[in-house]
Protein chains: 2
Amino acid sequence: MNIGQASEASGVSAKMIRYYEEIGLIRPMGRTGNNYRVYGDEEVHVLRFIKRARNLGFSLEETETLLKLWQDKDRTSAAVKDVAQAHIGDLERRIAEMQGMVKTLKHLAHCCGGDHRPNCPILDDLAGEAPAVPVKTAPVKTGPVKTGTSA
Amino acid sequence: MNIGQASEASGVSAKMIRYYEEIGLIRPMGRTGNNYRVYGDEEVHVLRFIKRARNLGFSLEETETLLKLWQDKDRTSAAVKDVAQAHIGDLERRIAEMQGMVKTLKHLAHCCGGDHRPNCPILDDLAGEAPAVPVKTAPVKTGPVKTGTSA
DNA sequence: CTTGACCTTCCCATGATGGGAAGGTCCACA
DNA sequence: TGTGGACCTTCCCATCATGGGAAGGTCAAG
């Protein structure tokens, strides 16, 4: 199986497969005489694992950890659960932060006429005048999570 | 006022102030004889506007739009509201996507013993076996939003 | 033998931010 | 007057995960 077929079968782009190999997330594949990478079902399975982890919002680093745990027969399910729960915490923090933004924005939008006149409470708020809702969003790192359609 | 003081007064790092100037978000500042940028209250006000917009999750591009509307006396509040509502939609999509992830992850974590044994439904799910919850997250772009403490 | 669909590597861009080097400037204090 | 430290300047690099595209090799079918 060439990289194109592995890509097709796993849902991971050829570009990304090469990248994952480059950063050591997956082992360098064997090559045919023409220098083409060769993949088997085993490799596709790994790629799908990665794909699924990414779809659940795990970073590549977390994904690597999970991948190692998956391949480690002496793992404890507690170790896996820890990774998952840390990630859940991450997501929940980011969700809360964004919900705070939405709340403020909805309030401002509600107060805004949305008509032909220039007067606008949204801009007033941004400009620091009329601090309608002094929202207190926590200092949270709202990072990646770029997921495409999930598997 | 030097860049350090403007930074202090606006909450925008000196690094970012220079960057905003470079990308044309703010006008190039005047310089003193020693080539230092000089800032006045006007500029600090603009920087705080940007800071606040960023805290509400607007991208720099959206922030630029808002900034222009703010400075345009012929704007309509409808135009501003449109930008805000598009952003609310964005945020809500991302929130929904992340909530889907959390839901799946919580279910998996719940099913996971979290003990010393290797058996783990989380890994089983990632590996494609036992597709416990075939979550259907929509293909949403869950991008930036990196906000620090809000103003 | 040509055409087109693959594959390869290499470099660049994204978005917003920080880190840090190398060098100039300014002020306060001894 | 000198000097140290706190500023400022520009320039380059890193992040994170991904895509775009160029330049060139390979292969299979027509």
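Close to C:dG18, at under 4.0 Å from its OP1 or OP2, lies no side-chain N or O of B:Y19. Within the structure, every side-chain polar atom (N or O) of A:R31 is placed at least 4.0 Å from both OP1 and OP2 of C:dC7. Side-chain nitrogen and oxygen atoms of B:R37 include at least one within less than 4.0 Å of the OP1 or OP2 phosphate oxygen of D:dT10. Listed pair A:R18 / C:dC7 fails the phosphate criterion, with no side-chain N or O lying under 4.0 Å from OP1 or OP2. Applying the 4.0 Å criterion to OP1 and OP2 of D:dG19, one finds that A:S13 has a side-chain N or O inside that range.
Ring geometry for B:H45 against B:W70 counts as perpendicular: the plane angle is over 60°, on a 0 to 90° scale with 30° as the lower cut.
Taking atom CZ of A:R94 as the reference point, atom P of D:dC16 lies 14 Å away to the nearest angstrom. Residue A:N35 contributes atom CG, which lies 17 Å from atom P of D:dG24 at whole-angstrom precision. Here C:dT17 presents its C1' atom at 16 Å from CG of B:L47, a figure rounded to the nearest Å. Rounded to whole Å, the distance from CD on B:Q5 to P on D:dC7 is 9 Å. Rounded to whole Å, atom P of C:dT17 lies 13 Å from atom CD of B:E22. Atom-to-atom, CD1 of A:I17 to C1' of D:dA17 comes out at 15 Å; the value is rounded to the nearest Å. Atom CD in B:E62 sits about 12 Å away from atom P in C:dG15, given to the nearest Å. Separating the CD atom of B:E21 from the P atom of D:dC11 is a distance of 12 Å, rounded to the nearest angstrom.
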Protein proximity profile, nucleotides 25-30 of chain D - base contact B, sugar-phosphate-only contact S, no contact -, cut-off 4.0 Å on heavy atoms: BBS---

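Consecutive Watson-Crick or G-U pairs involving DNA chain D, each under 3.5 Å on both distances, make up stems of three or more pairs at C:1-30 with D:1-30.
Taken together through direct or relayed side-chain contacts under 4.5 Å among Ile, Leu, Val, Met, Phe, Trp and Tyr, A:Y36 and A:I3 form parts of separate hydrophobic clusters.
Across C:dT8, C:dA16, D:dT18, the shortest atom-to-atom separation from the side chain of B:M16 is found for C:dA16.
Around atom CD of A:Q71, more than 12 heavy atoms belonging to other residues, nucleotides or ligands sit under 6.0 Å away. Shown here is A:Q5, whose CD atom has more than 12 heavy atoms of other residues, nucleotides or ligands within 6.0 Å.
Legend: residues meeting salt bridge (Lys or Arg N to Asp or Glu O under 4.0 Å) with A:K68, ordered by chain and number and at least two apart, are A:E64.
Checking side-chain atoms of B:K51 against main-chain N and O of B:V12 turns up no donor-acceptor pair under 3.5 Å. The main-chain N or O of B:C120 is never found under 3.5 Å from a side-chain atom of A:S77 such that the two would form a donor-acceptor pair. Side-chain N or O atoms of B:D115 include one that pairs as donor or acceptor with a backbone N or O of B:R117 at under 3.5 Å. A:R93 places no side-chain N or O within 3.5 Å of a backbone atom of A:E97 that could act as its donor or acceptor partner.
Heavy-atom nearest nucleotides on DNA chain C were determined for B:L60 and for B:K15, and the one closer to the 5' end corresponds to B:L60.
A salt bridge is defined here as a Lys NZ or Arg NE, NH1 or NH2 lying under 4.0 Å from an Asp or Glu carboxylate O, and B:E43 with B:R27 fails to meet this definition.
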